Protein chains: 2
Amino acid sequence: MEDDLEPSIIKTFRNSGYKATPQRIAISRYVLGSDEHPTAQKVYLEIKKTHPTVSLATIYRTIKILKDAGLILELNMHQGETRFDPVTEPHAHLLCLRCGRIDDWTDPIMPKLIDKASAAENFIVTGSNFELKGICDGCAKMGYGADITP
Amino acid sequence: MEDDLEPSIIKTFRNSGYKATPQRIAISRYVLGSDEHPTAQKVYLEIKKTHPTVSLATIYRTIKILKDAGLILELNMHQGETRFDPVTEPHAHLLCLRCGRIDDWTDPIMPKLIDKASAAENFIVTGSNFELKGICDGCAKMGYGADITP
DNA sequence: CTAGTTGCAAACGGTTTGCACGAGC
DNA sequence: GCTCGTGCAAACCGTTTGCAACTAG
């Protein structure tokens with residue numbers, strides 16, 4: 001999340017033939033530096049703090065550029081709620097159905113499992129997403145965990 | 001997919017306090033017996049063949065009942081395209097970005113990986129979905145596989 | 001008979017798009 | 001200065017909902 005991200009962001013846009021506008025830089029800085037898997041709305045509200053006139057359309061257009069450049073992934077764990085993830089290596093997402101947070105988790109087995117599936121089904125894998133839904137540690141400790149809809 | 005599914009479907013509805021209408025039975029028979037992970041649209045078109053006056057609203061309402069009963073899972077691998085899966089045990093979905101088909105794949109490692117994540121993060125898992133995106137065997141053999149957007 | 005269900009059409013919410021003004025390079 | 005990017009508002013599209021007519025039990 002430090003400023004040294006900026007030069008490489010600018011380079012990324014220019015190299016792909018895009019102009020490095022203040023909006024694009026701000027959006028990229030935020031999304032690439034975030035670990036909370038924000039929605040477009042969340043990005044919009046965040047960027048608005050420093051760029052009050054930004055529009056949701058610009059958020060979506062910039063996110064699309066980052067997606068096409070392979071810098072972020074799209075998560076669709078809930079229907080009607082697309083979230084974004086700057087971590088593009090194989091990893092799992094633990095979605096808490098109570099508080100909505102998504103935590104990352106990685107394990108060396110994961111790439112092996114991907115290879116195995118790929119070999120077994122003769123399938124060329126270009127992307128993966130291991131989703132786990134349930135109740136996170138914090139929410140379980142607060143006494144929740146019973147009345148959820150999986 | 002045989003007719004012996006029907007009595008248990010009727011029982012399921014009645015036990016949950018729902019009426020077993022012809023529409024609900026037809027929709028359930030199709031969704032529970034399908035291995036192609038249909039969208040609501042697909043279900044609608046299919047049911048329309050035998051029940052021409054059925055509405056999309058009824059499809060959605062019936063699917064919700066099946067979901068709440070834990071008989072089917074919801075898949076959101078593409079944004080804006082919810083599909084349904086009558087296989088509720090932990091398994092992987094291989095989505096072909098070329099032809100759109102989704103194949104199932106299971107491996108004994110999967111439940112172990114879920115347990116490991118659960119233990120490592122102190123997370124109570126109630127559902128899982130392992131997504132792999134790429135190119136399926138058939139499409140790869142037809143010479144595709146290069147110009148895809150992951 | 002009567003509460004629950006259906007089909008219709010309108011509402012909804014997230015995402016995309018057309019367009020005229022404005023800004024990067 | 002020429003082109004690309006932005007903000008706005010309208011369009012889109014899958015899903016949900018309100019309602020009057022209908023039907024399962």
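This is a predicted model, so every value here is computed, not measured. First the proteins, then the strands, lettered A, B, ... as listed; each starts at 1.
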Next on the checklist: Taking atom types as they are modelled, would you say the side chain of B:R61 forms a donor-acceptor pair with the base of C:dG7 within the 3.5 Å cutoff?
Outcome noted: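 Yes, the side chain and the base share a sub-3.5 Å donor-acceptor pair.
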Using atom [atom1] of [X] as one end and atom [atom2] of [N] as the other, report the distance to the nearest whole Å.
{"X": "A:K48", "N": "D:dT6", "atom1": "NZ", "atom2": "P", "result": "17 Å"}
{"X": "A:F13", "N": "C:dC25", "atom1": "CZ", "atom2": "C1'", "result": "16 Å"}
{"X": "B:I25", "N": "D:dT23", "atom1": "CD1", "atom2": "P", "result": "15 Å"}
{"X": "A:I59", "N": "D:dC8", "atom1": "CD1", "atom2": "C1'", "result": "15 Å"}
{"X": "A:Y60", "N": "D:dC8", "atom1": "OH", "atom2": "P", "result": "16 Å"}
{"X": "B:L56", "N": "C:dA9", "atom1": "CG", "atom2": "P", "result": "13 Å"}
{"X": "A:L75", "N": "C:dT15", "atom1": "CG", "atom2": "P", "result": "12 Å"}
{"X": "A:Q23", "N": "C:dA23", "atom1": "CD", "atom2": "P", "result": "10 Å"}

Is the shortest side-chain N/O distance from [X] to OP1 or OP2 of [N] below 4.0 Å?
{"X": "B:T21", "N": "C:dT5", "value": "no"}
{"X": "A:R24", "N": "C:dG24", "value": "no"}
{"X": "A:T58", "N": "D:dG5", "value": "no"}
{"X": "A:Q41", "N": "C:dT15", "value": "no"}

Next on the checklist: Within the structure provided, determine whether A:I114 and B:F130 are in side-chain contact (heavy-atom separation under 4.5 Å).
Outcome noted: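 Yes - at least one pair of side-chain heavy atoms lies under 4.5 Å apart.
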Next on the checklist: Within the structure provided, determine whether A:H78 and A:L97 are in side-chain contact (heavy-atom separation under 4.5 Å).
Outcome noted: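 Touching, per the 4.5 Å side-chain cut-off.
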Item to check | Closest heavy-atom pair and its distance - A:C136, A:C96 | outcome: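 Closest pair (atom of A:C136, atom of A:C96, distance): N-SG, 3.4 Å.
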Next on the checklist: Test your reading of the model: is there a side-chain donor-acceptor pair from A:K133 to the backbone of A:M77, 3.5 Å cut-off?
Outcome noted: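 Indeed, once roles are kept as given, a pair shorter than 3.5 Å links the two residues.
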From [options], pick the nucleotide closest to the side chain of [X]?
{"X": "B:A57", "options": "C:dC8, D:dG5, D:dG7", "value": "C:dC8"}
{"X": "B:P22", "options": "D:dG5, C:dT6, D:dA24", "value": "D:dA24"}
{"X": "B:R14", "options": "D:dT6, C:dT6, D:dG25", "value": "D:dG25"}
{"X": "B:K19", "options": "D:dG7, C:dT15, C:dG4", "value": "C:dG4"}

Item to check | First of B:Y18 and B:R83 reached from the 5' end of DNA chain D, by closest nucleotide | outcome: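 On the 5' side of the pair lies B:R83.
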Next on the checklist: Mind checking if B:T39 touches a base, just sugar-phosphate, or nothing, with heavy atoms under 4.0 Å?
Outcome noted: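 Answer is nothing: B:T39 stays at 4.0 Å or more from every strand.
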Checklist entry - Run the side-chain hydrogen bond (donor to acceptor under 3.5 Å, both in side chains) check on B:K48 and B:Y44 step by step: do they pass? => result CA-CA 6 Å; B:K48 232 181 166 175; B:Y44 174 56; 3.1 Å; yes
